[in-house]
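Here is the structure we will look at.
Naming: A, B, ... by sequence-line order, numbering from 1 per chain.
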Amino acid sequence: MYQSPRGTQDILPEDAAVWRYVEQRAAEQARRFGYGEIRTPTFEDVGLFLRGVGSGTDIVDKEIYRFQDKGGSELALRPEATASVMRAYLERGLASRPQPVKLYSLINLFRYDRPQAGRYREFRQFNVEAIGEEDPLSDAEVIAILWRFLEELGLRGLDVLLNSIGDKVCRPGFIQALVEYYRPRVDEICADCRRRLETNPLRLLDCKNARCQPIADGAPKTIDHLCADCAAHFDRLRGYLQAIKLPYTITPRLVRGLDYYTRTVFEVVPPIVGGQSTIGGGGRYDGLAEEIGGKPTPGVGFAAGLDRIIMNLREQGCPLPASEVPDAFFACLGDDAKHCAVMLADRLRREGMAAVVGMGDRSLKARFRQAEASGAPWTIILGENELREQAAQVKNGLTGEQARVPFPDLVLHVTGALPSEAPTT
RNA sequence: GUGGGCGUAGCGUAGCGGUUAACGCGCCAGGUUGUGGCCCUGGAGAUCGUGGGUUCAAAUCCCAUCGCUCACCCCA
């Protein structure tokens with residue numbers, strides 16, 4: 001027997017209902033802020049990620065699904081969304097539209113990682129980007145989308161961690177200060193940090209090794225080294241967040257794993273710490289466009305891990321939708337009755353109802369069991385008598401009430417008892 | 001990539017060297033002639049993750065491998 005590839009999952013109907021719900025909430029939140037949907041390819045030229053995400057990051061050094069197609073192109077399954085969206089922005093001339101261009105997507109991503117709870121090799125994200133705008137209002141806006149999305153799903157105890165890591169003007173000075181702070185203490189830090197000191201000093205700050213904690217705590221803080229522009233940007237961002245009473249925690253040691261981030265970085269974490277906790281994160285990436293060969297273009301966005309969000313929704317007992325059930329189930333005796341049921345079910349479906357005809361050759365008792373298992377509120381019984389009278393026995397599964405309904409009245413009878421829906425025009 | 005735990009029918013579990021691998025849920029069918037959800041009875045369904053080894057004998061012990069899981073790492 002074949003097994004699904006490691007780190008992948010099958011989303012079965014009852015789970016798919018939950019996924020659809022969460023994705024709809026995401027799309028709805030994006031809509032409220034004026035963000036349009038974008039769908040980019042599942043695979044891209046591998047160089048886009050090498051340049052965009054940055055070699056030196058685990059994502060491209062160790063985790064990328066890379067392959068060559070028959071034409072010899074070097075391609076990669078997308079490990080993240082932002083580089084693709086920026087590529088589309090540059091390639092499709094979105095820079096000539098009113099700025100910022102506000103985009104969201106619901107996509108699957110691929111990372112060759114070691115799977116565990118909340119971490120898969122194929123996983124899904126709600127991704128939001130505002131490109132072409134430096135205004136800190138765009139930073140505030142994407143954070144607000146993420147927050148309202150999670151809030152309305154019913155998640156509790158969440159925290160927004162916020163920091164600014166400066167830009168090309170002030171970051172070099174900060175890095176220098178950081179390195180100067182760590183150099184004399186090189187013997188006190190872990191092996192990973194000694195490596196980071198040479199390759200990616202910023203990451204010294206988020207080391208989780210216990211022995212490095214006191215040293216990292218005492219390290220220079222990015223927010224103390226911001227240039228005037230970055231400091232002003234950060235202050236204004238905080239002002240907008242306060243205006244909508246969006247709670248956040250300034251976290252001086254928060255940095256991010258991808259190279260393209262500048263200024264604002266943020267992360268949303270659930271109350272329980274440990275493991276794969278981060279459910280969403282993002283920030284500003286004013287240097288990305290240039291990095292992948294485009295004109296300098298500011299941008300800000302986030303990615304939210306839908307697998308982790310659903311995991312948290314279940315843990316917290318948040319309201320989730322049940323599987324879809326049909327409106328009516330046809331329980332027929334004999335092939336003539338089944339033939340008739342096919343036609344009657346067709347009528348119901350043309351009116352927008354979900355109608356299921358019981359299959360196989362079974363006793364009426366077995367039919368009722370099928371009907372109950374289907375969850376349909378109405379069971380429509382068809383046998384010799386009903387065919388002769390051209391009227392079905394229609395039973396309400398909840399009350400047990402049963403009525404004789406002539407075939408022409410069937411649609412009305414079933415519709416009338418359904419929850420009324422808003423009329424569509 | 002590193003280390004720990006686990007892998008028995010669709011699901012949840014028992015069995016932990018010895019003849020037909022057990023139980024609950026679920027599934028299918030019966031319990032008089034066309035009415036389900038409770039109850040009763042019966043049935044189908046497992047090469048005990050896979051491959052190799054030890055042994056007279058292995059689901060039970062050993063090794064490998066695949067998968068799940070936890071921590072590290074990384075990140076969403």
Side-chain angles (χ1 to χ4, degrees), chain A residues 1-10 12 14 53 56-64 78-82 106-128 146 150 190-193 195-196 200 203 206-210 255-258 266-270 274-283 301-312 329 331-334 337 358 360-376 378-387 393-402:
Chain A
M1 258 299 285
Y2 289 109
Q3 294 176 307
S4 68
R6 184 171 197 192
T8 62
Q9 50 191 330
D10 294 311
L12 303 179
E14 56 277 19
V53 181
T57 63
D58 276 10
I59 290 181
V60 312
D61 286 354
K62 311 197 311 203
E63 300 173 2
I64 205 155
R78 59 184 170 203
E80 64 107 41
T82 305
L106 291 158
I107 55 171
N108 53 345
L109 295 307
F110 307 86
R111 269 134 71 167
Y112 187 85
D113 222 351
R114 187 128 170 212
Q116 55 181 266
R119 189 167 85 187
Y120 303 93
R121 287 184 174 180
E122 182 186 12
F123 59 103
R124 283 150 232 274
Q125 287 183 344
F126 171 35
N127 189 265
V128 170
L146 178 56
L150 298 171
C190 69
D192 283 333
C193 280
R195 182 175 46 75
R196 290 186 184 111
N200 195 350
R203 306 238 51 183
D206 71 347
C207 180
K208 283 146 197 119
N209 193 310
V255 297
R256 310 231 67 232
L258 283 54
F266 60 93
E267 224 169 81
V268 176
V269 293
Q276 307 304 314
S277 55
T278 300
I279 60 180
F302 71 81
L306 297 180
D307 302 88
R308 292 181 188 177
I309 288 168
I310 288 172
M311 196 168 79
N312 278 276
F329 184 94
C332 357
L333 282 170
D361 192 23
R362 292 161 204 252
S363 68
L364 191 63
K365 183 171 186 156
R367 286 276 181 244
F368 270 97
R369 275 199 278 263
Q370 281 185 310
E372 201 213 346
S374 79
W378 295 104
T379 300
I380 297 168
I381 303 144
L382 292 174
E384 284 179 29
N385 300 340
E386 288 74 19
L387 290 193
Q393 290 294 324
V394 179
K395 185 168 179 176
N396 182 315
L398 295 173
T399 64
E401 287 169 34
Q402 188 167 317

Between [N] atom [atom2] and [X] atom [atom1], what is the distance in whole Å?
X        : N      : atom1 : atom2 : answer
A:Lys62  : B:rU2  : NZ    : C1'   : 10 Å
A:Glu80  : B:rA76 : CD    : P     : 8 Å
A:Leu398 : B:rG36 : CG    : P     : 16 Å
A:Phe329 : B:rG37 : CZ    : C1'   : 14 Å
A:Asp113 : B:rC68 : CG    : P     : 12 Å
A:Arg114 : B:rA71 : CZ    : C1'   : 10 Å

So which nucleotide does [N] pair with, by the Watson-Crick or G-U wobble rule with both distances under 3.5 Å?
N      : result
B:rG37 : none
B:rG42 : B:rC28
B:rC61 : B:rG53
B:rC68 : B:rG5
B:rC23 : B:rG12

Any donor-acceptor pair under 3.5 Å joining the side chain of [X] to the base of [N]?
X        : N      : value
A:Gln393 : B:rU35 : no
A:Arg203 : B:rC74 : no
A:Arg124 : B:rA76 : no
A:Arg119 : B:rC73 : yes
A:Arg367 : B:rU35 : no

Original post:
Quick one: on RNA chain B, does A:Leu333 or A:Gly281 contact a more 5' nucleotide (nearest heavy atom)?
Top reply: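 Mapping each residue to its closest nucleotide by heavy atoms, the 5'-most match is A:Leu333.
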**OP:** Would you mind telling me which residue lines up with the more 5' stretch of RNA chain B, A:Pro5 or A:Asp192, judged by nearest nucleotide?
**Re:**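 Upstream on the strand: A:Pro5.
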Original post:
Would you say a side-chain N or O of A:Arg6 is under 4.0 Å from OP1 or OP2 of B:rC68?
Top reply: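 Result: yes.
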Subject >> Candidate nucleotides B:rU35, B:rA76, B:rU69, ranked by approach to the side chain of A:Ala117 - the nearest >> reply: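 So the side chain of A:Ala117 is nearest to B:rU69.
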Subject >> Side chain of A:Gln116 - closest among B:rA71, B:rC74, B:rG36 >> reply: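 Nearest to the side chain of A:Gln116 among the choices is B:rA71.
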Please work out if [X] contacts a base, only the sugar-phosphate, or nothing of the nucleic acid, heavy-atom cut-off 4.0 Å.
X        : value
A:Gly397 : base
A:Arg196 : sugar-phosphate
A:Tyr112 : nothing
A:Ala371 : nothing
A:Gly7   : sugar-phosphate
A:Asn385 : base
A:Glu63  : sugar-phosphate
A:Leu109 : nothing
A:Gln9   : nothing

Original post:
Between B:rG7 and B:rG15, how far is it from one C1' atom to the other, in whole Å?
Top reply: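 The same atom, C1', in both gives a distance of 15 Å.
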**OP:** Using the C1' atom as the reference point in each nucleotide, state the distance between B:rC56 and B:rC39 in Å, no decimals.
**Re:**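 Looking at atom C1' only, B:rC56 and B:rC39 are 49 Å apart.
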Original post:
Considering residues, nucleotides and ligands other than A:Glu14, do more than 12 of their heavy atoms fall under 6.0 Å from its CD?
Top reply: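 Above 12, so yes.
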Original post:
Without hydrogens or angle criteria, can the side chains of A:Arg78 and A:Asn108 be said to hold a donor-acceptor pair below 3.5 Å?
Top reply: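 Yes, because at least one side-chain N or O of A:Arg78 sits under 3.5 Å from a partner of the opposite role on A:Asn108.
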Subject >> Footprint string (nucleotides 26-32 of chain B, 5' to 3'): B base within contact, S backbone only, - free, heavy atoms under 4.0 Å >> reply: --SSSB-
Subject >> Atom pair CZ/CZ of A:Arg111 and A:Arg121 - distance to nearest 0.5 Å >> reply: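 One finds 13.0 Å between CZ of A:Arg111 and CZ of A:Arg121.
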Original post:
So, do A:Phe368 and B:rG37 meet the stacking rule of ring centres under 5.5 Å and planes under 30°?
Top reply: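 It does not: the two rings, one from A:Phe368 and one from B:rG37, miss the stacking criterion.
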Subject >> Contacts of type ring pair (Phe, Tyr, Trp, His ring centres under 6.0 Å), residue A:Phe302, not counting sequence neighbours >> reply: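 A:Phe126.
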